[in-house]
Number of protein chains: 2
Amino acid sequence: MAQLPSPHRPNLLDQLSPREREILPLVAQGKDNREIGSILFISEKTAKNYVTSIRKKLGLKNRTQIALFALKEGIINLDDTID
Amino acid sequence: MAQLPSPHRPNLLDQLSPREREILPLVAQGKDNREIGSILFISEKTAKNYVTSIRKKLGLKNRTQIALFALKEGIINLDDTID
DNA sequence: TTCTTCTGGTACATGATATGAACGAGATGG
DNA sequence: CCATCTCGTTCATATCATGTACCAGAAGAA
(Lines give C-alpha, C1' and ligand atoms only; values in the text may rest on other atoms or scores of the structure.)
Protein backbone atom coordinates (compact mmCIF):
# COMPACT_ATOMS: atom_id res chain seq x y z
CA MET A 1 0.00 0.00 0.00
CA ALA A 2 1.22 3.42 -0.89
CA GLN A 3 2.28 5.65 1.94
CA LEU A 4 -0.38 8.32 1.83
CA PRO A 5 0.70 11.67 3.18
CA SER A 6 -1.13 11.74 6.47
CA PRO A 7 -3.82 14.45 6.39
CA HIS A 8 -2.57 15.35 9.81
CA ARG A 9 -4.18 17.52 12.43
CA PRO A 10 -4.96 21.18 11.81
CA ASN A 11 -2.72 21.61 8.89
CA LEU A 12 0.62 22.30 10.45
CA LEU A 13 2.13 23.00 7.08
CA ASP A 14 -0.14 25.94 6.43
CA GLN A 15 1.68 27.75 9.18
CA LEU A 16 4.80 27.77 7.05
CA SER A 17 5.53 30.60 4.64
CA PRO A 18 6.17 29.79 0.97
CA ARG A 19 9.87 30.25 1.46
CA GLU A 20 9.86 27.99 4.51
CA ARG A 21 8.14 25.31 2.47
CA GLU A 22 11.04 25.50 0.04
CA ILE A 23 13.56 25.06 2.82
CA LEU A 24 11.83 22.18 4.53
CA PRO A 25 12.54 19.38 2.04
CA LEU A 26 16.16 20.44 1.75
CA VAL A 27 16.67 20.14 5.47
CA ALA A 28 14.87 16.83 5.44
CA GLN A 29 17.24 15.49 2.81
CA GLY A 30 20.17 16.03 5.13
CA LYS A 31 21.56 19.19 3.59
CA ASP A 32 23.37 21.68 5.83
CA ASN A 33 22.73 25.42 5.86
CA ARG A 34 25.58 26.20 3.52
CA GLU A 35 24.21 23.83 0.88
CA ILE A 36 20.69 25.16 1.28
CA GLY A 37 21.98 28.70 0.91
CA SER A 38 23.79 27.99 -2.31
CA ILE A 39 20.82 26.12 -3.75
CA LEU A 40 18.41 28.97 -3.05
CA PHE A 41 20.93 31.80 -3.55
CA ILE A 42 20.63 33.14 -0.04
CA SER A 43 23.21 33.37 2.70
CA GLU A 44 23.93 30.50 5.01
CA LYS A 45 22.68 32.69 7.83
CA THR A 46 19.33 33.26 6.21
CA ALA A 47 18.94 29.57 5.58
CA LYS A 48 19.74 29.05 9.22
CA ASN A 49 16.97 31.40 10.28
CA TYR A 50 14.42 29.67 8.12
CA VAL A 51 15.30 26.32 9.61
CA THR A 52 14.89 27.73 13.09
CA SER A 53 11.53 29.18 12.16
CA ILE A 54 10.37 25.89 10.65
CA ARG A 55 11.51 23.95 13.66
CA LYS A 56 9.71 26.25 16.07
CA LYS A 57 6.50 26.28 14.08
CA LEU A 58 6.47 22.51 13.89
CA GLY A 59 7.50 22.07 17.51
CA LEU A 60 10.59 20.01 16.75
CA LYS A 61 13.96 19.91 18.48
CA ASN A 62 16.44 19.48 15.67
CA ARG A 63 17.01 18.79 11.98
CA THR A 64 16.75 15.07 12.29
CA GLN A 65 13.27 15.43 13.72
CA ILE A 66 12.41 17.73 10.83
CA ALA A 67 13.45 14.97 8.45
CA LEU A 68 11.33 12.39 10.25
CA PHE A 69 8.37 14.76 10.16
CA ALA A 70 8.78 15.44 6.45
CA LEU A 71 8.87 11.73 5.74
CA LYS A 72 5.75 11.07 7.75
CA GLU A 73 3.94 13.86 5.96
CA GLY A 74 5.06 12.62 2.57
CA ILE A 75 6.81 15.90 1.85
CA ILE A 76 9.89 14.00 0.86
CA ASN A 77 10.46 10.42 -0.11
CA LEU A 78 13.33 8.22 0.97
CA ASP A 79 14.10 7.66 -2.69
CA ASP A 80 14.73 11.37 -3.13
CA THR A 81 17.82 11.21 -0.98
CA ILE A 82 21.26 10.29 -2.14
CA ASP A 83 23.00 8.08 0.38
CA MET B 1 4.84 -4.25 -1.06
CA ALA B 2 6.56 -4.28 2.27
CA GLN B 3 9.69 -2.23 2.58
CA LEU B 4 12.26 -4.95 2.86
CA PRO B 5 15.45 -3.87 4.53
CA SER B 6 17.68 -3.59 1.52
CA PRO B 7 20.35 -6.29 1.66
CA HIS B 8 22.63 -3.50 0.60
CA ARG B 9 26.08 -3.74 -0.83
CA PRO B 10 28.88 -5.39 1.17
CA ASN B 11 27.10 -5.25 4.44
CA LEU B 12 27.91 -1.83 5.73
CA LEU B 13 26.34 -2.60 9.06
CA ASP B 14 28.79 -5.37 9.81
CA GLN B 15 31.44 -2.71 10.11
CA LEU B 16 29.72 -1.36 13.20
CA SER B 17 30.54 -2.65 16.65
CA PRO B 18 27.75 -3.98 18.87
CA ARG B 19 27.68 -0.77 20.86
CA GLU B 20 27.57 1.31 17.70
CA ARG B 21 24.58 -0.69 16.55
CA GLU B 22 22.86 0.30 19.78
CA ILE B 23 23.62 3.97 19.22
CA LEU B 24 22.52 4.06 15.60
CA PRO B 25 18.75 3.82 16.05
CA LEU B 26 18.80 6.40 18.83
CA VAL B 27 20.53 8.92 16.60
CA ALA B 28 18.13 8.05 13.82
CA GLN B 29 15.16 8.80 16.05
CA GLY B 30 16.34 12.37 16.49
CA LYS B 31 17.85 12.07 19.96
CA ASP B 32 20.77 14.32 20.89
CA ASN B 33 23.98 13.14 22.54
CA ARG B 34 22.83 14.01 26.02
CA GLU B 35 19.69 11.91 25.64
CA ILE B 36 21.60 8.99 24.16
CA GLY B 37 24.04 9.15 27.04
CA SER B 38 21.35 9.02 29.68
CA ILE B 39 19.55 6.19 27.94
CA LEU B 40 22.65 4.02 27.72
CA PHE B 41 24.25 5.26 30.96
CA ILE B 42 27.36 6.64 29.31
CA SER B 43 28.66 10.18 29.13
CA GLU B 44 27.52 12.60 26.46
CA LYS B 45 31.11 12.64 25.20
CA THR B 46 31.21 8.92 24.73
CA ALA B 47 27.92 9.06 22.88
CA LYS B 48 29.44 11.77 20.71
CA ASN B 49 32.41 9.59 19.89
CA TYR B 50 30.17 6.71 18.89
CA VAL B 51 28.13 8.90 16.61
CA THR B 52 31.28 10.16 14.93
CA SER B 53 32.53 6.62 14.47
CA ILE B 54 29.21 5.50 13.01
CA ARG B 55 29.11 8.44 10.63
CA LYS B 56 32.61 7.81 9.38
CA LYS B 57 32.08 4.09 8.91
CA LEU B 58 28.90 4.71 6.96
CA GLY B 59 30.34 7.61 4.99
CA LEU B 60 27.66 10.10 6.03
CA LYS B 61 27.88 13.80 6.70
CA ASN B 62 25.55 14.40 9.64
CA ARG B 63 22.88 12.99 11.93
CA THR B 64 20.06 13.60 9.54
CA GLN B 65 21.77 11.47 6.94
CA ILE B 66 22.25 8.77 9.55
CA ALA B 67 18.50 8.82 10.12
CA LEU B 68 17.75 8.55 6.40
CA PHE B 69 20.18 5.67 6.13
CA ALA B 70 18.64 3.84 9.07
CA LEU B 71 15.19 4.19 7.55
CA LYS B 72 16.32 2.88 4.19
CA GLU B 73 17.95 -0.09 5.86
CA GLY B 74 14.89 -0.81 7.93
CA ILE B 75 16.85 -0.37 11.14
CA ILE B 76 14.19 1.95 12.42
CA ASN B 77 10.63 2.56 11.37
CA LEU B 78 8.88 5.90 11.08
CA ASP B 79 6.28 4.62 13.50
CA ASP B 80 8.97 4.20 16.15
CA THR B 81 9.45 7.92 16.41
CA ILE B 82 7.42 10.28 18.53
CA ASP B 83 6.71 13.50 16.66
C1' DT C 1 50.77 -10.89 24.57
C1' DT C 2 48.10 -8.90 20.98
C1' DC C 3 43.77 -7.35 19.38
C1' DT C 4 39.26 -5.38 19.77
C1' DT C 5 35.78 -3.05 22.13
C1' DC C 6 34.17 0.13 25.37
C1' DT C 7 34.78 4.01 27.87
C1' DG C 8 36.16 8.80 28.79
C1' DG C 9 39.01 12.55 27.87
C1' DT C 10 41.21 17.20 25.55
C1' DA C 11 41.28 20.69 22.02
C1' DC C 12 39.64 22.80 18.23
C1' DA C 13 36.57 23.54 14.00
C1' DT C 14 32.22 23.62 12.19
C1' DG C 15 27.22 23.53 12.39
C1' DA C 16 22.99 24.58 14.80
C1' DT C 17 20.11 27.39 17.73
C1' DA C 18 18.39 31.80 20.16
C1' DT C 19 17.61 36.31 19.50
C1' DG C 20 17.39 40.68 17.40
C1' DA C 21 16.77 43.77 13.71
C1' DA C 22 16.31 46.10 9.11
C1' DC C 23 13.44 46.47 5.10
C1' DG C 24 9.51 46.16 1.96
C1' DA C 25 4.75 44.70 0.61
C1' DG C 26 0.12 44.66 1.64
C1' DA C 27 -3.93 45.57 4.47
C1' DT C 28 -6.60 48.63 7.47
C1' DG C 29 -8.62 52.59 9.55
C1' DG C 30 -8.44 57.32 10.22
C1' DC D 1 -2.94 60.54 2.04
C1' DC D 2 -0.94 58.83 6.29
C1' DA D 3 -0.03 56.15 10.23
C1' DT D 4 0.15 51.63 11.73
C1' DC D 5 -0.05 46.83 11.82
C1' DT D 6 1.22 42.28 10.13
C1' DC D 7 3.94 39.30 7.62
C1' DG D 8 7.71 37.68 4.81
C1' DT D 9 12.41 38.00 3.60
C1' DT D 10 16.93 38.94 4.58
C1' DC D 11 21.19 39.21 7.39
C1' DA D 12 23.71 39.59 11.87
C1' DT D 13 25.74 38.41 16.66
C1' DA D 14 26.24 35.30 20.51
C1' DT D 15 25.80 30.95 22.52
C1' DC D 16 25.25 26.07 22.41
C1' DA D 17 25.49 21.48 20.01
C1' DT D 18 27.79 18.69 16.92
C1' DG D 19 31.74 17.17 14.41
C1' DT D 20 36.92 16.24 13.90
C1' DA D 21 41.16 14.58 15.45
C1' DC D 22 43.43 12.64 18.38
C1' DC D 23 44.91 10.06 23.08
C1' DA D 24 44.61 6.46 26.65
C1' DG D 25 43.16 3.13 30.17
C1' DA D 26 40.20 -1.13 31.36
C1' DA D 27 38.38 -5.51 30.23
C1' DG D 28 37.92 -9.57 27.64
C1' DA D 29 38.95 -12.63 23.82
C1' DA D 30 42.07 -14.85 20.77
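Note that the structure is a prediction, hence the values are computed from the model and not measured.
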- prompt: With a 4.5 Å heavy-atom cut-off, do L12(A) and L58(A) have their side chains touching?
  reply: yes
field: dT7(C) phosphate, OP1 or OP2, under 4.0 Å from Y50(B) side-chain N/O
entry: yes
query: What do the steps show when you test L40(A) against L26(A) for side-chain contact (heavy atoms from CB on, under 4.5 Å), and what is the final call?
result: CA-CA 10 Å; L40(A) 297 180; L26(A) 300 177; 4.0 Å; yes
query: What does T46(B) touch in the nucleic acid at a heavy-atom separation under 4.0 angstrom: a base, only the sugar-phosphate, or nothing?
result: base
query: According to a strict under-4.0 Å criterion, is K45(B) in side-chain N/O contact with OP1 or OP2 of dT10(C)?
result: yes
- prompt: Under 4.0 Å: is that the gap between some side-chain N or O of R34(A) and OP1 or OP2 of dA16(C)?
  reply: no
task: Let me know the distance between CD1 of I54(A) and C1' of dT9(D), rounded to the nearest Å.
output: 13 Å
- request: Would you mind telling me which residue lines up with the more 5' stretch of DNA chain C, D32(A) or K48(B), judged by nearest nucleotide?
  value: K48(B)
Protein-nucleotide distance (R19(B), atom CZ; dC6(C), atom C1'), rounded to Å: 8 Å
- prompt: Nearest-Å distance, NZ (K61(A)) to C1' (dC16(D))?
  reply: 13 Å
task: With sequence neighbours excluded, give me every salt bridge (Lys or Arg N to Asp or Glu O under 4.0 Å) pair touching residues 13-25 of chain A.
output: R19(A)-E22(A), E20(A)-K57(A)
message: I'd like to check N77(A) versus L71(A) (side-chain heavy atoms, cut-off strictly below 4.5 Å). Are they in contact?
response: no
Below 4.0 Å: OP1/OP2 of dT19(C) and any side-chain N or O of T52(A): no
message: So S17(A), base contact, sugar-phosphate only, or nothing? Heavy-atom distance under 4.0 Å.
response: sugar-phosphate
message: Tell me whether the side-chain N or O atoms of N62(B) pair up with the base of dG15(C) as donor and acceptor below 3.5 Å, since no angle test is needed here.
response: no
task: In whole angstrom, give the distance that lies between atom NZ of K56(A) and atom P of dA18(C).
output: 7 Å
message: Can you measure N49(B) atom CG to dA17(D) atom P for me and round it to whole angstrom units?
response: 17 Å
message: Tell me whether the side-chain N/O atoms of N33(A) come closer than 4.0 Å to OP1 or OP2 in dA16(C).
response: yes
message: Check this one for me: any side-chain N or O of R63(B) less than 4.0 Å away from OP1 or OP2 of dA17(D)?
response: no
query: For DNA chain C, what is the dot-bracket line, given that a base pair needs Watson-Crick (N1 to N3, plus N6-O4 or O6-N4) or G-U wobble (N1-O2 and O6-N3) geometry with both distances under 3.5 Å, and | means paired with another strand?
result: ||||||||||||||||||||||||||||||
